[in-house]
Amino acid sequence: IPLRLVGSEMCIRDRYKEICKSYGCKAKVFTQMPANFDNKIGTPDLAILFTSTVSHKMAMRVNQKAEKHRFPVARVHSSSVNALHAVLSEYCQ
């Protein structure tokens, strides 16, 4: 399952990828907004927004893309490992 994690902490980016892999998901993690962000998001099966660490501009772009291409967006306040586990256990079964 392709995922996009947006607004995560840079220091635990690799840990996020490991956790997603353990749920059978492949994740791209965006800690900052790169050039061509809209194209790099693509059309994942799920986007996870860490609302405490994501910029308003990045969140708006993800929401617009999700609305256009009809993929779900999970909004999680905390960018903790436990919060990620909670979302993945709900969506990636």
Side-chain angles (χ1 to χ4, degrees):
I1 297 174
L3 301 177
R4 302 299 180 266
L5 279 61
V6 182
S8 61
E9 298 287 340
M10 179 67 115
C11 58
I12 55 175
R13 191 171 86 189
D14 292 336
R15 181 78 177 116
Y16 287 147
K17 287 182 179 183
E18 289 173 18
I19 292 166
C20 291
K21 193 174 185 178
S22 73
Y23 282 87
C25 302
K26 183 173 179 166
K28 283 187 181 178
V29 182
F30 297 97
T31 56
Q32 296 177 339
M33 187 147 87
N36 261 346
F37 182 57
D38 291 346
N39 293 334
K40 290 181 179 179
I41 294 172
T43 53
D45 288 350
L46 173 66
I48 301 172
L49 281 180
F50 294 110
T51 59
S52 63
T53 53
V54 70
S55 73
H56 183 73
K57 190 174 182 180
M58 283 177 77
M60 291 293 290
R61 292 268 177 89
V62 170
N63 289 330
Q64 290 167 351
K65 185 98 175 184
E67 192 174 308
K68 183 177 180 182
H69 294 283
R70 300 184 188 267
F71 59 83
V73 177
R75 290 163 187 82
V76 184
H77 179 69
S78 172
S79 57
S80 70
V81 168
N82 288 336
L84 180 59
H85 276 292
V87 172
L88 293 176
S89 64
E90 182 180 336
Y91 284 92
C92 303
Q93 301 208 14

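Every heavy atom of this structure was used, including side-chain atoms; hydrogens, water molecules and symmetry mates were not.
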- Is there a salt bridge (charged side-chain N to carboxylate O under 4.0 Å, His left out) between Glu18 and Lys21 once you walk through the steps? CA-CA 5 Å; Glu18 289 173 18; Lys21 193 174 185 178; over 6 Å; no

- Going by heavy atoms in the side chains, are Asn63 and Leu49 under 4.5 Å from each other? yes

- Find out if a path of hydrophobic residues (ILVMFWY) with successive side-chain heavy-atom gaps under 4.5 Å connects Ile48 to Val29. yes

- Task: Give a yes or no on whether the backbone of His77 and the side-chain of Ser52 come within a donor-acceptor separation of less than 3.5 Å.
- Result: yes

- Message: According to ring-ring contact (aromatic ring centres under 6.0 Å, His included), who are the partners of His85, at least two apart in sequence or on a separate chain?
- Response: Tyr23

- Query: Any side-chain heavy-atom pair from Val62 and Arg75 closer than 4.5 angstrom?
  - Reply: no

- Message: For a quick test of reading the model, state the closest non-hydrogen atom pair linking Gly42 to Phe71 and the distance between them.
- Response: O-CE2, 4.0 Å

- Task: First locate atom CZ of Arg4, then atom CD1 of Ile41, and finally report the distance between them rounded to the nearest 0.5 Å.
- Result: 8.5 Å

- Message: Same cluster or not: Met58 versus Leu5, using hydrophobic residues (I, L, V, M, F, W, Y) connected whenever any side-chain heavy atoms lie under 4.5 Å apart?
- Response: no

- In this structure, are over 12 heavy atoms from other groups packed under 6.0 Å from Lys40 atom NZ? yes

- Task: Taking the side chain as every heavy atom from C-beta outward, state whether Phe30 and Val54 have any atom pair closer than 4.5 Å.
- Result: no

- When rounded to the nearest 0.5 Å, the distance separating OG of Ser80 from CD1 of Ile12 is 7.5 Å

- Kindly indicate whether the side chain of Met33, heavy atoms from C-beta on, has any atom under 4.5 Å from the side chain of Lys57. yes

- Gap between atom SG of Cys20 and atom CZ of Arg15 - 0.5 Å precision: 10.5 Å

- Item | Transitive ILVMFWY side-chain link Val81 to Leu88, under 4.5 Å | yes

- Task: Any chance you could measure Thr43, atom OG1, to Arg70, atom CZ, to the nearest 0.5 Å?
- Result: 13.5 Å

- Smallest separation among heavy atoms of Ala74 and Leu46, with atom names: N-CD1, 4.0 Å

- Query: Taking a hydrophobic cluster as the set of Ile, Leu, Val, Met, Phe, Trp and Tyr residues connected by side-chain heavy atoms closer than 4.5 Å, whether directly or through intermediates, do Tyr91 and Phe50 fall within one such cluster?
  - Reply: yes

- Note on the structure: Rounded to the nearest 0.5 angstrom, the CZ-CD distance for Phe37 and Gln32 is 11.5 Å

- Query: Just how far is it from atom CG of Leu3 to atom SG of Cys25, taken to the nearest 0.5 Å?
  - Reply: 4.5 Å

- Task: For Tyr16 and Ser79, indicate whether the former's side chain and the latter's backbone hold a donor-acceptor pair under 3.5 Å.
- Result: yes

